[in-house]
Amino acid sequence: MRTELEQMALIERYLQGAMGQAEQQQFEAKLANDPALRQELALQKLLVKAVERQGLKEELAALHAQLYPAGPAAATVPPRPNSPPARARWLRPRNLALAAMLTLGAGLCEVPLPPQWRTESSVVASAPAFTPTFAGFDVPFQTLEVEAGAGRAFRLASGSQVRVPAGAFVDQRGQPVAGQVQLRYREFHQAAEIIASGIPMEYQNGVFESGGMFELRGQQGGVPVYIAPGKRIEVKLASFTDDPGFKHYYLEEPAAPPLALNGLGLVPTAHAQDARLSTRWLELGPTNIEPNIFKKNRLDSLVKIRLAQAQAKAQAANGGDGDGPASALPATTPLDNRWEFRLQVSAKKPESDTLNLQAVMDGKGRVQLVPRQRPRMANPSKQLRQKTAFLQFLADNPLIWRYAGRLAAEEHPNLARNRWVLDQTWTSVHLQAPLFVPKRRLTPQGPSPQTQPRFVAFSPDSRLMLLGRDGQVELWNTQGGLLHTFRGYHFATFAPHAPQVLLANAQEAHLADFSGQAGVRYRASRPTKFSRLEFSADGQRVLGFGTDEVVRVWQQDGTLISQLKDSRKSWFVEATFNTADGKQVLAQAHDGEVLLYNDSGQVIDKPGQFPASVPKFGLPDPSLRARADRKTFTHWARMPNKRGDSVQINQRKVISALYILQNDLPVDWLRLDDPRQQIVQAHFAPDGQALVVSADDGHLYLWQRNLSDSVQRMELANDQYSFVTHVRKANPQPLLANSRPAARKLDSLLALYLAEAKAQNAEEQAKLEAEANVLRTFGVEKFGVYNIDRLYHDPAVVAVQATLDLGTPALNQQLADQGARAYYLTGARGNVVIRLFPSDLRRLPLSPQGQNQLLVLLPGQRVARYGPAEFAKLDWAQLRLTQQCDFRFTVAPQPVQSLAQWQALLGQASTGAPNG
Amino acid sequence: MSDDHILQLIRSGKRSEALARVYQHYPKVRQLVVMANGSEDDAKDVFQEGVIVFYQKAERPDFQLTASIGTFLYSVCRNLWHTRYRQVHAREAHWTELPEPAHHEAERWLDESPDAAAVADQMLTALGDPCGAILRAFYYQKLSMRDIAARLGLGSENNAKLRKFKCLERAKKMVRDRFPFLSLISILHYEN
């Protein structure tokens, strides 16, 4: 056992890279000779990885709950082995005993107060742990509705999160609770809230400085429920301080139900203080801090949008090419409430090949996009979804939006076929910069246009293409112009150094210029059909591979140099020049043998492998490759029927996508827009800037390299369909002559949208900024009040003998006769609440640095206050000397009737707490 | 936040921050899965699985991004979902088209000895908590043995160390004992 552990420690050091070089070499040598050690190493590595995965899984689950709190959290909570009822039975007797102890404890704490300080509300009641200070208002609860069987996660306005697992509740008898459970939740962050709640903040010899406090209760239709044994409600409490030294505390409640005690140890209440409220707080343990990631991320993304706004504004200010108010903001541009802008499909026939989408502004100035064919949406929720998606899209891509929608030419030749796109409600838009973007479609000529091309070849300068099909060869330029048709030929290739093509018909091969004028002939002794012709790289030699399986090499002038024939019982299936000068020829025989011939037709080598030559998908950049994949899908799509109405089809189809691979890793893909079409062939232009794809309907699709990222592939999607097209980024030089008016409209639209987004942002930002920056996690196994605290301590206090003067003799008399509650508020954030008792006034420690105020709560909910302004006027040096101070209070004219009034009186805004 | 920055965060061990960033790609994957007949929970599971695949790859110093993290996650998740969906709906002969073709690199990565990893995951879950917590604290949270001893109440540092190794040993034994069919060769092939 011992040695096994040592071995594990060794392996661990090896895996952690903690070994020295010598030791590592030694270990590796041992490893090489010891298969058992190798296994151990692999197993250990495997387990460590698994541990990491488990950790990641947990962290991600927490993150998910934090970012998407609305989703049901239940599914991720693993079931606990112990069933609640059994555990409950086991616990009951012990809990009863605990409850008895508690009651006793509470009795001890009840120390009578001097009569002059006692008011109705200041009596320490034994049953509830605390009573609200004021009649008529308190910090309100908010109700969180949870389906008990499913659990739920909440995210609250302060940034706090409450995560309820499934099956978290039991009733008084310990039976699981089903159905809706109401959680009542409230938070306390400021002195005003703490005082109003009446929750005592004394602990042992001192006073708490709270980093946040919450109260959580559960009920079902007014009947209390309890947290099931073994379950925890996770509360990540917003904390407005990330200072160190805080711990978690639970407020012990005498009336706590037996079951609720589960899981918490009891600390004996050893320090029953003189006339103070006793310690009722149980320490739970140290706190933890985690950042409020949601706030951070959302603020970040808002900053991004603000940046986009600034950019748009700058553009509006500079823009228009001196065009004056071309891109003016809507304030100066009158708007009617309908705007049209077009997704341009074809440069040739813009009026017929146009997708019309309509932006409709509603009464609230919001912009939404609807197809022109359907001016109003039937289903408002769809409308909302569409709007949301587009707002999101705009928020992410405002610049693209500006010039949105110019589809790359020819991508959608048939509008009717794509009408279904207009009828859809798209719920998401994604953009990605592709390597290649569609340039144009070449429509087949020839007698039977549906025929697939036999071959496609680019000229060496990448500007022309040869296309063979149907017994003819067509010469195209990459602008889509058909320059010449060579009829009666089945193969052709470009001459490397001259504007000529080498053509093959059934009898021979010959050169021809681009107008079809015939040149040098390359012939065999009898008529031969050449299936493959190749120029040597220097243009001096021509190789022809005929259907007679003989390889022939000519000089450029047509003189036959050699005829290569497989001398064995095999025949050639492929041949190519091996060198640039054409003096070596490589030929592959039917049996797979590869032979290398020299200039005089002798075999000089058997390389064993034919070079992965000009494959079906050519390769200009050796690192670049293309591969077509076919997959069988049941494809759902809407297609036009004969009348042109859309019908829905559901067909099993083979569709293909072309992957572009760089160093054998897929870096991009492209697909024809009609998924029914299959990609048959693809060829890269020699300069790598173009790619021609032939489809099974005979069309050729020319794609060009997207160098500038100016064109993006846009995927529209909803829950049923997806649609892929391309959009163009903002371009200072609009490509289409008629785009300027459209651009103006889009400018105004953009400005409108930005105004809308800005308003929304400002609102959200305000909310977010009110959230706490950090969260502290509680695992709540029992309902009640939880607090993040540290003992308040200020070494720089000045102790004074204090006299409270409420301003009028009547009030002073009232104070002396009937008593009142008095508080000293201090601490860096002004939220340390120190309840004052008469004895305290003889030696009242005041903090010169704190946010100080003194409060006296008079009967009838009147409040006398000695506020921060008065404290600011105090001469602290003088106080240190005299150690005496007469505090002249100001009595608020009105009694406090609401929490808002109370907070306002204390100068504490109600932001941050979720109670607004 | 660029992808490179995220990689930096991962390599410098700023896990939470990196994960939070990576999580921004969730909506797209969610949509993918929901579009392909998945539920919210499916989407979450698939995505988190995908993130774990990505994260463990990205931790390796020789890892190079060949596509954006979003693309990578999308592809991985798409494959994961396809696999899962096919398992669940094995009898249904068709599935609806997903919007983007597979990322083949991702496919290859997923094929890396999935059995051994799955078994290890199961075993760790079965290992239960005192052990699981110790291992997680050490290997995942990278706490020192002293901290672990204090936090989990294991007494001295040496004792905690011993406990950790014993737990690891138990996990190893469980993998070996309970899964005799797990070929050790397949473990050996599990190279990270």
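Just so we're on the same page: letters track the sequence lines, and every chain starts at 1.
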message: Salt bridge check, A:Glu52 against B:Arg136: does any charged N sit closer than 4.0 Å to a carboxylate O?
response: no
task: Considering only heavy atoms and a distance below 4.5 Å, find which of B:Gln141, B:Lys164, B:Glu49 pairs most often with chain A.
output: B:Lys164
message: Looking only at heavy atoms and a cut-off of under 4.5 Å, which of B:Val51, B:Val22, B:Leu168 has the most pairs with chain A?
response: B:Leu168
task: Check the pair B:Tyr26, B:Gln48 against side chain to side chain donor-acceptor pair (under 3.5 Å), reporting the backbone distance first and the verdict last.
output: CA-CA 9 Å; B:Tyr26 175 64; B:Gln48 295 188 347; over 6 Å; no
message: Looking only at side-chain N and O atoms, does A:Glu59 offer a donor or acceptor that is under 3.5 Å from a partner on B:Tyr55?
response: no
- prompt: Do B:Arg15's NZ or CZ and the ring of B:Tyr140 fall within the cation-pi criteria of under 6.0 Å and 45°?
  reply: yes
- request: Could you walk me through whether A:His64 and B:Phe47 pass ring-ring contact (aromatic ring centres under 6.0 Å, His included), step by step?
  value: CA-CA 10 Å; A:His64 189 92; B:Phe47 179 72; 8.2 Å; no
- prompt: So which part of A:Ala9 gets closer than 4.5 Å to some heavy atom of chain B, the side chain, the backbone, both or neither?
  reply: both
- line: So, the part of A:Gln44 with a heavy atom under 4.5 Å from chain B: the answer is both
Contact class of B:Phe165 relative to chain A, heavy atoms under 4.5 angstrom: both
